[in-house]
Student: 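Here's a structure for you.
Treat the numbers as computed from the prediction; the structure is a model and nothing was measured. Worth knowing before you read on, the calculation uses all heavy atoms, side chains too, and leaves out hydrogens, waters and symmetry mates.
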Amino acid sequence: MREMKEMGFRGMILTYAAETVFDHSTQAQNGQGIAALKSENGDVSVEASVHCPSIEAWREGTVETIYMTEAEDYIAVKLTGAGANVTEAFTAGELPPQQMMDALHEVCTKAKDRKVRILIDAESQHFQKGISRVAVELMRKYNRDGYATIYNTYQAYLKNTPATLANHLALANEDGFTLGLKLVRGAYMATDERSLIHDTKEDTDNAYNMIAQGALTKNIGEFGDKGTRDFPSVNLFLASHNKESVVTAHELHKHRVMSGLPTVPVRFAQLHGMSDEVSFSLLQMNDGDGTPEVYKCSTWGGMGECLAYLLRRAIENRDAVLRTDNEYRALKKEVLRRVKSVLSLSPSS
């Protein structure tokens with residue numbers, strides 16, 4: 001983490017990898033975080049009703065993640081990693097058990113005390129309604145200082161994301177909290193119901209850019225000066241491996257700041273070891289004003305947890321091989337940038 005910051009990155013995002021993935025094609029859920037106790041019959045799994053060990057393990061792992069970070073870093077949390085009691089509630093669109101809510105409040109309080117922010121990851125659509133409900137509850141409580149401690153994740157490849165976002169903008173407007181808007185394209189195409197996802201990549205790209213640029217100009221749907229409702233307080237976090245999207249967003253944000261036009265705070269992120277060319281390109285756009293603020297996301301956990309996470313990311317970024325030449329050229333340019341930076345710090349002869 002120290003080395004990444006020395007390269008010029010604003011900070012790190014740490015993710016504890018445990019999660020549960022629901023496969024729509026098989027109607028089964030699998031992965032880490034389903035610590036269950038077998039019944040005497042051996043064919044039914046039930047979790048401890050009073051004190052769930054999976055929730056406690058999730059709490060411990062997440063708190064440990066917080067203490068790995070520093071001020072202005074982020075942690076990204078996968079709520080399904082807390083096990084079957086939690087995923088059962090999410091499937092029904094409900095809040096999780098009180099033990100999980102208590103754990104979440106502890107995590108949020110500790111993070112806020114350290115000035116660390118929390119990204120609540122989007123997960124399988126089978127669980128997402130409940131996850132979003134938790135995110136809104138936490139934003140309503142902790143995003144009261146004019147900036148977002150808690151961010152919800154919105155997946156641009158879903159057809160219903162504009163409607164979901166409009167609903168959350170309305171809640172932020174009515175209740176007076178800052179909406180933490182983390183925007184991604186989406187990572188569950190291999191397991192989610194296909195009909196929920198845009199038909200083409202172009203449709204997803206257009207949806208992503210529309211939301212990102214709409215937030216930066218403070219005009220999304222009926223919210224903003226082009227609509228009928230006031231635009232609420234929003235903090236934007238653009239997590240993307242698409243160079244065109246992030247470069248365009250940064251240029252738009254910088255133009256609006258320099259022109260005195262209304263906009264929202266924005267930060268950028270890419271996964272550690274994936275699309276580094278995009279990250280370096282953003283760093284090279286810094287002309288001394290400290291922007292763009294670029295983060296790298298790294299994942300930790302057990303071997304099985306991390307392999308499952310990386311497999312999904314590999315599927316999400318399977319077009320990365322097409323960017324090999326661009327990556328090579330960008331890395332050469334990045335080496336020159338660092339050499340010049342070092343030389344500029346050397347005393348004159």
Student: Looking only at heavy atoms, which two atoms of Thr153 and Asp121 are closest? And how far apart?
Tutor: OG1-CA, 3.7 Å
Student: Tell me, please, which residues at least two apart from Tyr142 pass side-chain hydrogen bond (donor to acceptor under 3.5 Å, both in side chains).
Tutor: His105
Student: Are Tyr295 and Met4 in one and the same hydrophobic cluster, where Ile, Leu, Val, Met, Phe, Trp and Tyr link if side-chain heavy atoms are under 4.5 Å apart?
Tutor: no
Student: Would you call the rings of Tyr154 and His168 parallel, tilted or perpendicular, taking 30° and 60° as the class edges?
Tutor: perpendicular
Student: Which heavy-atom pair separates Tyr151 from Lys182 by the least distance, and what is that distance?
Tutor: CD2-N, 4.1 Å
Student: What do you reckon, is CZ of Arg194 surrounded by more than 12 foreign heavy atoms closer than 6.0 Å?
Tutor: yes
Student: Charged N to carboxylate O below 4.0 Å: is that the case for Lys254 and Glu251?
Tutor: no
Student: If you count the non-hydrogen atoms of other residues, nucleotides and ligands that lie under 6.0 Å from NZ in Lys159, is the total more than 12?
Tutor: yes
Student: Taking side chain as C-beta onward, heavy atoms only, is Ile13 less than 4.5 Å from Phe237?
Tutor: yes
Student: Apply ring-ring contact (aromatic ring centres under 6.0 Å, His included) to His126 and list each qualifying residue two or more places apart in sequence or on a separate chain.
Tutor: Phe22
Student: Given side chains that start at C-beta, do those of Phe231 and Thr217 come closer than 4.5 Å, heavy atoms only?
Tutor: no
Student: In terms of side-chain heavy atoms, does Ser132 have a donor or acceptor partner in Gln128 at a distance below 3.5 Å?
Tutor: yes
Student: If two hydrophobic side chains count as joined below 4.5 Å and joins carry through other members, does Val266 share a cluster with Leu119?
Tutor: no
Student: Which atoms form the tightest heavy-atom contact between Ser233 and Gly146, and what is the distance?
Tutor: OG-O, 4.2 Å
Student: Pairs under 3.5 angstrom only: tabulate donor-acceptor contacts from the side chains of residues 64-77 to other protein residues two or more places apart or in another chain.
Tutor:
{"unit_1": "Thr65", "atom_1": "OG1", "unit_2": "Gly61", "atom_2": "O", "d": "2.7"}
{"unit_1": "Thr65", "atom_1": "OG1", "unit_2": "Trp300", "atom_2": "NE1", "d": "3.0"}
{"unit_1": "Thr69", "atom_1": "OG1", "unit_2": "Ile66", "atom_2": "O", "d": "2.5"}
{"unit_1": "Glu70", "atom_1": "OE1", "unit_2": "Lys5", "atom_2": "NZ", "d": "2.9"}
{"unit_1": "Glu72", "atom_1": "OE1", "unit_2": "Arg267", "atom_2": "NH1", "d": "3.1"}
{"unit_1": "Glu72", "atom_1": "OE1", "unit_2": "Arg267", "atom_2": "NH2", "d": "2.9"}
{"unit_1": "Asp73", "atom_1": "OD1", "unit_2": "Lys5", "atom_2": "NZ", "d": "3.2"}
{"unit_1": "Asp73", "atom_1": "OD1", "unit_2": "Met12", "atom_2": "N", "d": "2.9"}
{"unit_1": "Asp73", "atom_1": "OD2", "unit_2": "Lys5", "atom_2": "NZ", "d": "3.0"}
{"unit_1": "Asp73", "atom_1": "OD2", "unit_2": "Glu70", "atom_2": "N", "d": "2.9"}
{"unit_1": "Tyr74", "atom_1": "OH", "unit_2": "Arg267", "atom_2": "NH1", "d": "3.0"}

Student: I'd like to know whether Lys218 forms a side chain to side chain contact (heavy atoms under 4.5 Å, CB included) with Asp225, so could you lay out the CA-CA distance, the side-chain angles of the two residues, the decisive distance to 0.1 Å, and finally the verdict.
Tutor: CA-CA 8 Å; Lys218 301 186 74 170; Asp225 57 18; over 6 Å; no
Student: How many angstroms lie between atom CD1 of Ile220 and atom CD of Gln213, to the nearest 0.5 angstrom?
Tutor: 11.0 Å
Student: Could you check whether Lys243 makes a cation-pi contact with Phe268, meaning its NZ or CZ is under 6.0 Å from the centre of the six-membered ring and within 45° of the ring axis?
Tutor: no
Student: Quick one: does Asn85's side chain get under 4.5 Å of Gln99's, heavy atoms only?
Tutor: no
Student: Check the pair Asp192, Tyr157 against side chain to side chain contact (heavy atoms under 4.5 Å, CB included), reporting the backbone distance first and the verdict last.
Tutor: CA-CA 11 Å; Asp192 272 345; Tyr157 77 171; 3.6 Å; yes
Student: Any carboxylate oxygen within less than 4.0 angstrom of a Lys/Arg side-chain nitrogen, looking at Glu106 and Lys110?
Tutor: yes
Student: Hey, does Asn235 have a side-chain heavy atom less than 4.5 Å from the side chain of Val264?
Tutor: no
Student: Determine, step by step, whether Trp58 and Val107 satisfy the side chain to side chain contact (heavy atoms under 4.5 Å, CB included) criterion, reporting the C-alpha distance in whole Å, the side-chain angles of both residues, the deciding distance to 0.1 Å, and the verdict.
Tutor: CA-CA 11 Å; Trp58 181 91; Val107 165; 4.3 Å; yes
Student: Could you walk me through whether Cys108 and Ile150 satisfy the side chain to side chain contact (heavy atoms under 4.5 Å, CB included) test, starting with their C-alpha distance in whole Å, then the side-chain angles of each, then the deciding distance to 0.1 Å, before giving a yes or no?
Tutor: CA-CA 8 Å; Cys108 291; Ile150 313 297; 3.5 Å; yes
Student: Under a plain distance cut-off of 3.5 Å, with no hydrogens placed, do Thr200 and Glu202 share a side-chain donor-acceptor pair?
Tutor: no
Student: With a 4.5 Å heavy-atom cut-off, do Val294 and Asn286 have their side chains touching?
Tutor: no
Student: For Ala148 versus Arg117, what's the shortest heavy-atom pair and its separation?
Tutor: O-CD, 3.3 Å
Student: Looking only at heavy atoms, what is the nearest atom pair of Ile131 and Thr80, with distance?
Tutor: CD1-CG2, 4.2 Å
Student: Using a 4.5 Å cut-off on heavy atoms from C-beta on, say whether the side chain of Ser25 contacts that of Thr191.
Tutor: no
Student: Is it true that, when you exclude Glu244 itself, more than 12 heavy atoms of the residues, nucleotides or ligands shown sit nearer than 6.0 Å to its CD?
Tutor: no
Student: Between the side chains of Ser240 and Asn242, is a donor N or O closer than 3.5 angstrom to an acceptor N or O?
Tutor: no
Student: Taking only Lys NZ, Arg NE, NH1 and NH2, and the carboxylate oxygens of Asp or Glu, determine whether Arg229 and Glu174 approach each other closer than 4.0 Å.
Tutor: yes
Student: Can you list the steps and then say if Ser279 with Gln270 is a side chain to side chain donor-acceptor pair (under 3.5 Å)?
Tutor: CA-CA 7 Å; Ser279 302; Gln270 290 79 41; 2.5 Å; yes
Student: I'd like to know if the side chain of Asp203 and the backbone of His198 have a donor-acceptor N/O pair within less than 3.5 Å.
Tutor: no
Student: Identify which one of Lys141, Arg140, Arg144 satisfies the salt bridge (Lys or Arg N to Asp or Glu O under 4.0 Å) criterion when paired with Asp175.
Tutor: Arg140
Student: Does any non-hydrogen side-chain atom of Arg185 lie less than 4.5 Å from one of Asp205?
Tutor: yes
Student: Can you see which heavy atom on Pro232 is nearest to which on Phe223, and at what distance?
Tutor: CD-CD2, 4.2 Å
Student: Do the side chains of Ser124 and Gln29 get nearer than 4.5 Å, heavy atoms only?
Tutor: no
